[in-house]
Asker: 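Here it is, the structure, as structure tokens.
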There are 4 protein chains.
Amino acid sequence: MIQINTGVKVLDKQERKKYIAEKTLELISEKGLTNLTMEDVALSCNLSKGSIYNYFKNKNSLIVSAFSALLEKVQNFFEDKESNPTQDCAEESADFYANLYSEILNTFPSKELMRLFEILMNSTHEPSMMQILTQTFKENYGKILSRFEKLFNSKTKAFMLQAMFDGLVIYRAVGVEFSDNEIRDNLKKMILSLTDENKN
Amino acid sequence: MIQINTGVKVLDKQERKKYIAEKTLELISEKGLTNLTMEDVALSCNLSKGSIYNYFKNKNSLIVSAFSALLEKVQNFFEDKESNPTQDCAEESADFYANLYSEILNTFPSKELMRLFEILMNSTHEPSMMQILTQTFKENYGKILSRFEKLFNSKTKAFMLQAMFDGLVIYRAVGVEFSDNEIRDNLKKMILSLTDENKN
Amino acid sequence: MIQINTGVKVLDKQERKKYIAEKTLELISEKGLTNLTMEDVALSCNLSKGSIYNYFKNKNSLIVSAFSALLEKVQNFFEDKESNPTQDCAEESADFYANLYSEILNTFPSKELMRLFEILMNSTHEPSMMQILTQTFKENYGKILSRFEKLFNSKTKAFMLQAMFDGLVIYRAVGVEFSDNEIRDNLKKMILSLTDENKN
Amino acid sequence: MIQINTGVKVLDKQERKKYIAEKTLELISEKGLTNLTMEDVALSCNLSKGSIYNYFKNKNSLIVSAFSALLEKVQNFFEDKESNPTQDCAEESADFYANLYSEILNTFPSKELMRLFEILMNSTHEPSMMQILTQTFKENYGKILSRFEKLFNSKTKAFMLQAMFDGLVIYRAVGVEFSDNEIRDNLKKMILSLTDENKN
DNA sequence: AATGAATGAGAATTCATTCAT
DNA sequence: TATGAATGAATTCTCATTCAT
């Protein structure tokens, strides 16, 4: 929350940037990227339109910041769910991750996670924007993937599993329905088979 | 059928609609949905802007048609690749599909397939549009999935495999790199494990 | 109804013009002048847009014809209601006309009569059109007014009474409510006073 | 109040809205409602097209404001002419009002007053607009009518007299000619008869 | 830093009219 | 005469961005 300098605590420019980016992210989640206007942003931040431009060079750079905020949120979400990873054997690991992903699929708003890809895709034809978005995406997803990489001892397998997860997220966001229980069970089997296979 | 005096067959209205939708699809693939303008469409069809509106009520309904054309194209692509499905045992099937998907991943323009999801996501907040898109999507994907459903004897498994594929398509479209060979090999193993598992 | 030449009866060009003008009048009554499109006209006549231009030089001349049709309709309406005018004394005349106007106010669709003025007003800034409309208006209203002129022996009084009637028609069309009975009673008194006054 | 450096007072937002509405009213009077474009409005206000939309949500709401401005103008016109109403007896009242209306008919630009009804009629098929216009119309005309209501002790009579006036305004605006003197004389007689009648 | 008015470059859409067949 | 496809000019409306205060 922005505070006026009553001596208490005043947000510095960096913090206010972040605040705006987060508000923007909320708006994108609510209304989609296409419907995002600078006026919406200004209103939701209790700022004037002009003021937004004191913090962000233009709309694109604001979107990039919102994208970063979203990726950070996603990553935190993954990390929080995984705070005490006490998996000894493959079976336990498979169980753990199947549950984890299933839970995330249930609790993380599908539409919100979908926005990640919406932003990425919409930027496909603005090279300068695409570059920074892709880079940010890779870095953050790299961290998320690193667990699976360790588990499977394979970057590609990690990719594939995460891709499946994201695919399901998107399917769900666009109205395809499926049973979470079945997902979880199959997920476990797949993880297990990928782990087993690893040992051969 | 109307004939112009060169003897060449003239397209009827339905065919012209389709032609415009396909041209639109090309444009979307080239420039992205956000940058698509009705003027672009008109130009690429050698028509005036007004003429487009003789075929489509508005931009959205044109996009819906382009979306359908894309889905049809995707489906044809899958079907063409799979013309002679001579898979006797699970091993052969796994091999066949792993190769098929790997090949599609390689040959179908990743950006183009990605547009499927770009269109879906961008329309998330226009209910009337979303409804028809989702329905079309489900119908066509249903056909694509039916092969896996038979193979695995499970709708959910089919979903998951296809989701993985689409996730990878999107990853690739946004600049993530991975090795097709490894994908293919792992894919085969996963398919096999899912098929085996089926027999227990 | 347009007939194809089966040998029965075929409308000649003049009759078809009239038919189109009357259909146009219906459309204007239904949807207003602003919302009238040549496509509407074509559809309601079961003709193609291009064909309308075989009968009318352009939209304006079609509107002029529809306007004439409306005026004719109004005039017929007045005349029909007044077929046997057996008024001997002033009292009877006042009674007769008060009833007549009150009845017309009730039975003639207010919105339809209003269109007369809508068309006139909208054409105010197209001199060529205005000229013909005003002329047509004067001629037809002249006939309607002639009765009052005789009764009152005054063109101005006739104008004033008819103006009041048209004013009320418009008020009613735009949503102002009033009691028909009171209107009729007052109308009678006004007509009577104007007639009496005449004798002094 | 914001001041620009010439010392001249700058208009606040409300005043600027009003200014635009009044300019719009001028344009409507000049060119008619149908020919009014937002570009005209912008030009006549020395603003860009986009700026108009900072003051009015859309064209319709601008027209509604212009309509209000017109009604206000009409009402002021009536009130100004009637500043010192010293009418003791019926005869004097009749004389006063006959002169007042005759004068207004002469001095108030007929075309301008006519626009009131042009706007009302053209909006007949846009319910949301019609509602507010009709309401505004009723409110303002209620004030104008209240004088006659008192004089005649009858709402209906007041309506009828005002309807006659408006009818004449429209007739004149569309090119019908009549003598103001005769109008005034007859008006007086009608008012008188309606007042007398009141006493019986 | 904050404001908010102004802008102008689009973009979608409408529709009377034309014209070849 | 009838058609209906094509047109293009006009019009409304949007919105990121700028800038003087």
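The analysis underlying the following values was restricted to heavy atoms, covering all of them including side chains, and did not include hydrogens, waters or symmetry mates. The shown structure was predicted, so the numbers you read here are calculated from the model rather than taken from an experiment. Residue numbers start from 1 in every chain, and the chains themselves are labelled A, B, ... in the order their sequence lines are given, proteins ahead of strands.
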Asker: Please give, in whole Å, the distance from F:dT14 C1' to A:Asp40 CG?
Answerer: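 Result: 12 Å.
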Asker: Check the distance between F:dA5's C1' and B:Lys17's NZ and give it to me in whole angstrom.
Answerer: 15 Å
Asker: Measure the spacing between CG of D:Leu47 and CG of D:Asn54 and express it to the nearest 0.5 Å.
Answerer: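 Atom-to-atom, D:Leu47:CG and D:Asn54:CG are 9.0 Å apart.
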Asker: Quick one: C:Tyr55 OH to F:dA2 C1', roughly how many Å, whole number?
Answerer: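 So the OH-C1' distance, C:Tyr55 to F:dA2, works out to 8 Å.
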Asker: Does a side-chain N or O from C:Ser48 land closer than 4.0 Å to OP1 or OP2 of F:dG4, or not?
Answerer: no
Asker: Quick check: on DNA chain E, is the nucleotide nearest C:Thr34 upstream (toward 5') of the one nearest B:Asn35, or the reverse? Name the residue that is more 5'.
Answerer: B:Asn35
Asker: Can you tell me the distance, in whole Å, between the NZ atom of D:Lys13 and the P atom of E:dT3?
Answerer: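 Rounding to the nearest Å, NZ of D:Lys13 and P of E:dT3 are 15 Å apart.
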Asker: Nearest 0.5 Å, please: how far is CG in D:Asn46 from OG in D:Ser51?
Answerer: 11.0 Å
Asker: Please give, in whole Å, the distance from F:dG4 C1' to C:Asn46 CG?
Answerer: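 Roughly 15 Å, once rounded to whole Å.
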Asker: Hey, does the side-chain of D:Asn54 have a donor or acceptor N/O within less than 3.5 Å of a partner on the base of E:dA5?
Answerer: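 No such pair is found, so the answer is no.
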Asker: For the CD1 atom of A:Ile28 and the CG atom of A:Leu36, what is their distance to the nearest 0.5 Å?
Answerer: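 Between A:Ile28 CD1 and A:Leu36 CG, I get 5.0 Å after rounding to 0.5 Å.
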Asker: Using a heavy-atom cut-off of 4.0 Å across all strands, would you classify C:Leu62 as base, sugar-phosphate, or nothing?
Answerer: nothing
Asker: Over 60° means perpendicular and under 30° means parallel, so tell me whether D:Phe117 and D:Phe137 are parallel, tilted or perpendicular.
Answerer: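 Judged by the thresholds at 30° and 60°, the geometry between D:Phe117 and D:Phe137 is perpendicular.
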Asker: For C:Arg115 and C:Glu118: C-alpha separation, side-chain torsions, deciding distance, then whether salt bridge (charged side-chain N to carboxylate O under 4.0 Å, His left out) applies.
Answerer: CA-CA 5 Å; C:Arg115 298 300 175 199; C:Glu118 187 183 357; 2.3 Å; yes
Asker: Give me the distances for all protein-to-nucleotides 18-20 of chain E N/O pairs that come in under 3.5 Å?
Answerer:
none

Asker: Is there a salt bridge (charged side-chain N to carboxylate O under 4.0 Å, His left out) between D:Glu15 and D:Lys18 once you walk through the steps?
Answerer: CA-CA 5 Å; D:Glu15 288 170 319; D:Lys18 182 131 199 210; over 6 Å; no
Asker: Nearest-Å distance, CE (D:Met38) to C1' (E:dG10)?
Answerer: 17 Å
Asker: For E:dA2, take OP1 and OP2 only and decide whether either is under 4.0 Å from a side-chain N or O of A:Arg16.
Answerer: yes
Asker: Please confirm whether the backbone N or O of C:Phe56 pairs with a side-chain atom of C:Ser61, one donor and one acceptor, at under 3.5 Å?
Answerer: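 No, C:Ser61 side chain to C:Phe56 backbone: no donor-acceptor pair under 3.5 Å.
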Asker: I'd like to know if the side chain of A:Asp40 pairs up with that of A:Thr37 as donor and acceptor (distance under 3.5 Å, no hydrogens or angles considered).
Answerer: yes
Asker: For B:Phe56, report the nucleic acid contact type (base, sugar-phosphate, nothing); a contact means any heavy atom under 4.0 Å.
Answerer: nothing
Asker: Strictly by Watson-Crick or wobble contacts shorter than 3.5 Å, is anything paired with F:dT21, and which nucleotide is it?
Answerer: E:dA2
Asker: Provide, to the nearest angstrom, the distance between the CD atom belonging to C:Glu15 and the C1' atom belonging to F:dT1.
Answerer: 17 Å
Asker: Does D:Lys59 make a side-chain N or O approach to OP1 or OP2 of F:dC13 shorter than 4.0 Å?
Answerer: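 No, no such contact exists.
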Asker: What's the CD1-P distance between A:Ile52 and E:dT3, to the nearest Å?
Answerer: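 A:Ile52 atom CD1 is separated from E:dT3 atom P by 9 Å.
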Asker: Which one, E:dA6, F:dT1, F:dT3, comes nearest to the side chain of C:Leu47?
Answerer: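 Looking only at side-chain atoms, C:Leu47 lies closest to F:dT3.
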Asker: Between D:Asn58 and A:Leu36, just flag the one whose closest nucleotide in DNA chain F comes earlier from the 5' side.
Answerer: D:Asn58
